[in-house]
Each structure stands twice: as structure tokens, then as C-alpha cells.
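Just so it is clear, the model here is predicted, and its values are computed rather than measured. Chain naming here is simple, since letters A, B, ... match the order of the sequence lines and numbering starts at 1 in each.
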Protein chains: 2
Amino acid sequence: MMKTFSNAWQTGLSEGTAPSRDSLASATVIDVARRAGVSLATVSRVLNASAVVSPELRDKVSAAVQALEYRPNLMAQGLRKGHSNTVALLVGDIAQRHFAELTMHVQSSLEELGASLMLYNLGHSAARLKDFFARAPAMRLRGIVLAVSDGIAPSLAPLVTEARRSGVTLAAIGQDLTRFGIASIVHEERAACRRSVERLLTLGHTRIAYVGRIKGSAVGSERFRGYRTAMKAAGAFDDALVFDLAFRYAAGHDAIVRALDRGMALTAVQGGSDEIAAGAIAALRDRGLRVPEDVAIVGFGDIELGAYLRPALTTLSSHPTLAARHLRDLFDGKGTTRADLTVLPRSLVLRGSA
Amino acid sequence: MMKTFSNAWQTGLSEGTAPSRDSLASATVIDVARRAGVSLATVSRVLNASAVVSPELRDKVSAAVQALEYRPNLMAQGLRKGHSNTVALLVGDIAQRHFAELTMHVQSSLEELGASLMLYNLGHSAARLKDFFARAPAMRLRGIVLAVSDGIAPSLAPLVTEARRSGVTLAAIGQDLTRFGIASIVHEERAACRRSVERLLTLGHTRIAYVGRIKGSAVGSERFRGYRTAMKAAGAFDDALVFDLAFRYAAGHDAIVRALDRGMALTAVQGGSDEIAAGAIAALRDRGLRVPEDVAIVGFGDIELGAYLRPALTTLSSHPTLAARHLRDLFDGKGTTRADLTVLPRSLVLRGSA
DNA sequence: CTGAAAGCGCTTACAG
DNA sequence: CTGAAAGCGCTTACAG
């Protein structure tokens, strides 16, 4: 495990004394070459292991690198190579737990590749996506990862064209964008939601609300389709049972309040996210209804919170770690980066709420 | 408000036709100069408004920039200027809601400055901090923002030295690092926690547990000191009432379970975070205890979740938006960037749990 | 296996 | 007000 205790912080960089340095500026490849008594080309070669160098020279270079604490200038490298070493991650809304967790794993995956993560939070705003597209070309990014649940497809064509032209690797997480030639890593949405709703039907529920067909959310709509399929097959579909009012907690809360105010009969709720489900539980409790006795609730995504609600939340699992690992492989083995679709499974996590 | 609806995404970049382009490569300042019939220097001057240029030439350059869809290469600019335009944000743990929200606001603040956010998640790991320190010099960062609750102070000296040498702007959010000459933006921790506990004492509680003096957490310890001050003043301090077992939800849950297993008398809990408080509520409910009737609970930080717990969580407010704004000013007005301490207030948010 | 030289795309003294 | 030239720190053909 990681060292996470107080004392561990103290080890930091303190160990060892910094070599004395003549000038204030960082050492460059020229300084290294001079000190090692070789040419710039040789230094570059041993640094990048890009060609065979005799052991003697290699050792001299290594020694000089050490002595001078040489660090290659990433911007110079990038300028020369034609692209930087940073990958931009566009997230739909970092305030949603699911996106925060994904961000965490993507960052560490990228780090394994020696790449940096540039974070750009969309906050569900189309205008911000447009802004990013305008800024991106100047950065000469190595890649762009689209982790967005909104239906951004219509505005994607120019980005794809531009990316191809400039050699930026594009990837999507959470939404299938393979029809644009973008390799995509998604979770099972429709089938998972369908199975969950089928289970509720099997348990005898027919008045099952769906909360979370968020306007403009591609992923939310996808989940909704699974719900609809199951409900229609059971002859239980009713448009009045579908809610798409707002985001996150408020969506769940407001939908239930509205339903109850209308006197709507309701015995179960399939949420489009765990936050939505948590909001729904709060509203139910406010009205004196019990979960799951009066109304059963199922979430979507299995965020940490769910296990600590009471009743604990029944939900559908997700696998951000796996998604990030697939992403790494995608950036790693550049050869096999076809516009593949990777589908991660979701399974039902049974807890107390349904 | 932002456009957040389905249709808004369609406007994107689709409007207008892309200018025809001869070559596949992006236009450079040379292309612009050639097309405008001026020198590179002139192009650079109008682009950066760094010197007076005659109106005629300025217009010619602007026209060429438009026509060629010219975008300056940020890496070339950075190489020449000696530093990039990206600011690294080191967060303690992006999976904690508080950090995710902060990240969101810092990103947009930086964006206003035309800078990019490089995200580096520490996950409470000392080893990762060290890794970052090793990688950072190569990036020639414009700034580094430390948003870390752990007690990183001991390993900071080398970073500070290196930063001064290379001209990187350092800033801290959440932890007072001014003694290292680092401008810091913090929230009131000790006083806020003291006031909260004093209120519980006033309400008649004496057996008030503190959960969240997380090992190695500088901020957690700071909050704890406020608790201790209040408890000692009331003659109610008891070491057995202090818990620091784990992180996040589990910390609150496990602490209560352990306390109850020991048969400890307990009428109130001050949590070191809202997640901890939520975990505590779950544990209490598992044991058939009512909140707030049997045990009152106060959180810390006012994350969105708190308003949707039942009972809703009484907690102490925080102001990530303000913090991000202060940070922007700090990076903006480079002149006034002394190692100032900015303290943001926390107020009691009274809801149902205490 | 090694080195001298060109060049990635900018900005900024330096002359005029 | 404008331009020619040097240089930021690298990597990679090109010769040898």
C-alpha cells in the first residue's frame, strides 16, 4: 500500500544534498555535452535510447546528467517533435462523483505513460466545449479524451477533422463515438438499466418511475431506453412516469416531490444516477414514505456514498479503473488504436433500497 | 445562465465554413508574415500588442491571421519565454467532494487568465508528491497550486528553493504555508470548529466525539484543535472521544461502530468532514439510534450531499468559489503577490442533524 | 558509433 | 514604426 502516514511526508526530497550549481539557470543538453565531452547528438541519443552509443560515452553522459541534475525541457522537446506530451481530459461535470473518480484514474494512467493530464471541465455547457475547441489547436496536444455524458455528437465533426489533420489521438469514455471514428470505452447502459427494471417488474412493481432522462444527456437517454424497453415489454410504460427536471441530487428530489404532489401512484424508482436516487430517497422520507417498503429505489453507478445511505442503495456497478486502464492501452499501443468499441459490464449491486 | 440544453450542442463549431488550406500543417507566423507582406517581428508585435504598429500593417496582419486560421504554437512561445502557460494543481484527493469542487473553480479561474490546468492527484500519498517534485522541473510550469490537507510541510523546502530559482509562482489553498513564503488561501478551521463545539456544549452536550483528526492531516488537526479548546474550556475533554481511524465515509462509520461496541456514552459528534458525518449517521442508524434525538451530528464543509441526507446535515460552510477567485487575483496581479494569508470565514449551516 | 548543422515556431534586443 | 537576425533547448537526418 501507499505510505499515507504523517511521517512519510517527511522523507520527501530532503534526503541527500542538492549538488552545487554554478549558474541559476537549469542545465541544458549543451551543459551536459560539455561536461561529458561529447556532442549534443550523443547526449540526446543516450537520453532517448534512440541509437546505439558506446558504453564509455553512455556512462560519461549519465554521470554528467546526474551531476548537473539535468531535466529535459518538455517544451523544447515538444516543439521539435511536433506535439506536446499532455492529454486533455474533457469531463462533463467534475462535481459529479463518477466524473471525479474517472478523472483520478485517468490521471494516474496517463502518468504511467509519462504524459500529463490537462483538465477541462465542461459543466454541461455547450459554450465551453466550443471554447475548448478554439483553444486546443494552440496546445499541440498529444490526445483529447472526451468523458462527456451530454449529446455532443452534432458539434464533433470539426474536431475530428482537425484532430486527424494534426495527429491528435481522440478517445471517448462513457459515450459511444465510434461512428466518428473515435475509439470509445463505454459501460453497458441500456441493457443494464433494462435488467434492473425487469427485476423490479419481477418483484411485482408496475408503477416504476424513471428519473434521469436528463435533457441533452446522451448517456441518460441511453439508460432511459433500457427502462422503456423493459416497461413496454411488460405493458407498463407510461410517459407520466418519466422525469427529467434537473441535475444530480435535485433531479431526484424534485421529481418525487412533483409526482407525489400530483398524487401519482408509485412503488419504485429507477434513478439515472446514484445522486438522483439519493435525492429521491430524501424526498420520499420528507413525505413520510418508507424505502423500500413503500417505494423501492435503484441508483446507477455505485458511488461510494451509496453504501452509506440508509437504507443502503441498490445500484448498478461501474468500473472507472478498468476504463482508465483501457484508455492507457489505447494511448500506449498506438498501432492497434483503431476506432474500437470497448464495453464494460454493469452488474446489479443489491443493497437495502430495492 | 449557461446554455445546457440539447440543442445548444448543435451550434458548436459547425457554423461557417472552414477556410480552404493549402498544406496540411498548421500555419506559422512565417505564413502569416508572408501573406501580410510584413516581417515576423511585426506579426508578433500585433499578436501580442507588445509595440505600436501602424494601423495599415495591423489590419493586414489581422486579415492574414483570420484567413490562415493562425494559432500560435504554445510550446514555441513557452520555449522562447522561458516558461509554459500551465499551472499545476496538486490536490490531496480528488475523490473528496470538496477537492473536486475546488478543482472545478480553479480550472475556470485559470482559464480566465488564459492558463491551462494540469491536474495532479496526490491521493494522500507522500510518494506521489515526491514523484511530482521530480517531474515538475521539466515542465517549466507557470505556477504550482498546493491544495493539500496533509501535513506536507516537512518536504516542502526543496520545492520552495527550486521554485524561487526558476520563477515558478507557488500558492496554497486550504493550508497555511506562508511560513515558507507561499501565499496561502485558507478557510477558518480552528475557530469554526470551536464555535460549533461550543454550540453543542451550550445545547447541553458534554459527551461530544471528534471524528477526523486524520493521521497526517494538517487541516484535520487544525479543526481538532478548535474542538479541544472548546472541550477543555468546558472541562469535558476526554481523549477517548477522539477518533482518527480512516478516510472519508468509512472514518465516520467505523468510529461510531467502535465507540458503540465499547459501550461509550455519546450524545454528539463533530465530524472532520461531511463525508465523515454521513458515515457516522449510517452507523448510528444501524444501531437503532436516532439523529439528532439520541446523537447530534455536525459535519464540516457543506457539500451538496448534506442537504439531501435525512435528517439534513448541520455543517460548517466553505467557499471554493471565493478561494478560486483569490487565486486568480494572485496569479493575475503579479506585483502584489506577497506571501499573504487570506482567510475565508466558515459559518454554521443549521439543518436537522444537530 | 559519433559529430556538425539544420530547424521546430516563436519573441526580443538591436539597428535603422 | 519596421525588419533582419539571434536564440530559447531540443532531435534528427546527413556525413563520416
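- Separating the CZ atom of R71(B) from the P atom of dC8(C) is a distance of 22 Å, rounded to the nearest angstrom.
- Judged by Watson-Crick or G-U wobble contacts below 3.5 Å, the nucleotide dC14(C) has dG3(D) as its partner.
- The separation between D59(A) atom CG and dT2(C) atom P is 11 Å, rounded to whole Å.
- If you find the closest nucleotide of DNA chain D to V38(B) and to R140(B), the one lying nearer the 5' end belongs to V38(B).
- Note on L57(A): only backbone sugar-phosphate atoms sit closer than 4.0 angstrom, heavy atoms only; bases stay farther off.
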Give each protein N/O atom lying under 3.5 Å from an N/O atom of nucleotides 12-16 of chain D, with the pair distance.
unit_1, atom_1, unit_2, atom_2, d
dT12(D), O4', R80(A), NH2, 3.0
dA13(D), N6, R45(A), NH2, 3.1

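- Counting any heavy atom pair closer than 4.0 Å across all strands shown, R58(A) reaches no nucleic acid atom.
- Regarding H83(B), its NE2 atom lies at a distance of 16 Å from the P atom of dC10(C), rounded to whole Å.
- Between L79(A) atom CG and dG7(D) atom C1' the separation is 12 Å, expressed in whole Å.
- Annotation: of the two residues near DNA chain C, V52(A) and P72(B), the 5′-most nearest-nucleotide partner is V52(A).
- Atom P of nucleotide dG9(D) and atom CG of N73(A) are separated by 7 Å, given to the nearest angstrom.
- Between the side chain of Y120(A) and the backbone N or O of R128(A) there is at least one donor-acceptor pair closer than 3.5 Å.
- The residues D31(A) and R34(A) are annotated as salt-bridged, a charged nitrogen and a carboxylate oxygen being separated by less than 4.0 angstrom.
- Remark: the backbone N or O of T178(B) is paired with a side-chain donor or acceptor of D176(B) at under 3.5 angstrom.
- A side-chain contact (heavy atoms from CB on, under 4.5 Å) with R35(B) is found for exactly one of I30(B), V43(B), V65(B), L68(B), namely L68(B).
- Although no hydrogens or angles enter the test, the distance criterion places no donor-acceptor pair under 3.5 Å between the side chain of S44(A) and the main chain of L40(A).
- Phosphate contact (OP1/OP2 of dT2(D), side-chain N/O of S54(B), threshold under 4.0 Å): present.
- For the pair D31(B) CG and dC8(C) P, the interatomic distance rounds to 11 Å; values are reported in whole Å.
- Taking every side-chain heavy atom of T42(B) into account, dG3(D) is the closest of dG3(D), dG9(C), dA4(C).
- Rounded to whole angstrom, the span from the CE atom of M75(B) across to the P atom of dG9(C) amounts to 10 Å.
- Rounded to whole Å, the distance from CG on L74(A) to P on dC8(C) is 20 Å.
- In terms of heavy atoms, A76(B) sits closest to L79(A) at CB-CD1, 3.8 Å.
- For dG9(D), neither phosphate oxygen OP1 nor OP2 lies less than 4.0 angstrom from any side-chain nitrogen or oxygen of T28(A).
- The side-chain tip of R142(B) does not point at the ring of F331(B) from less than 6.0 angstrom away and within 45° of straight on.
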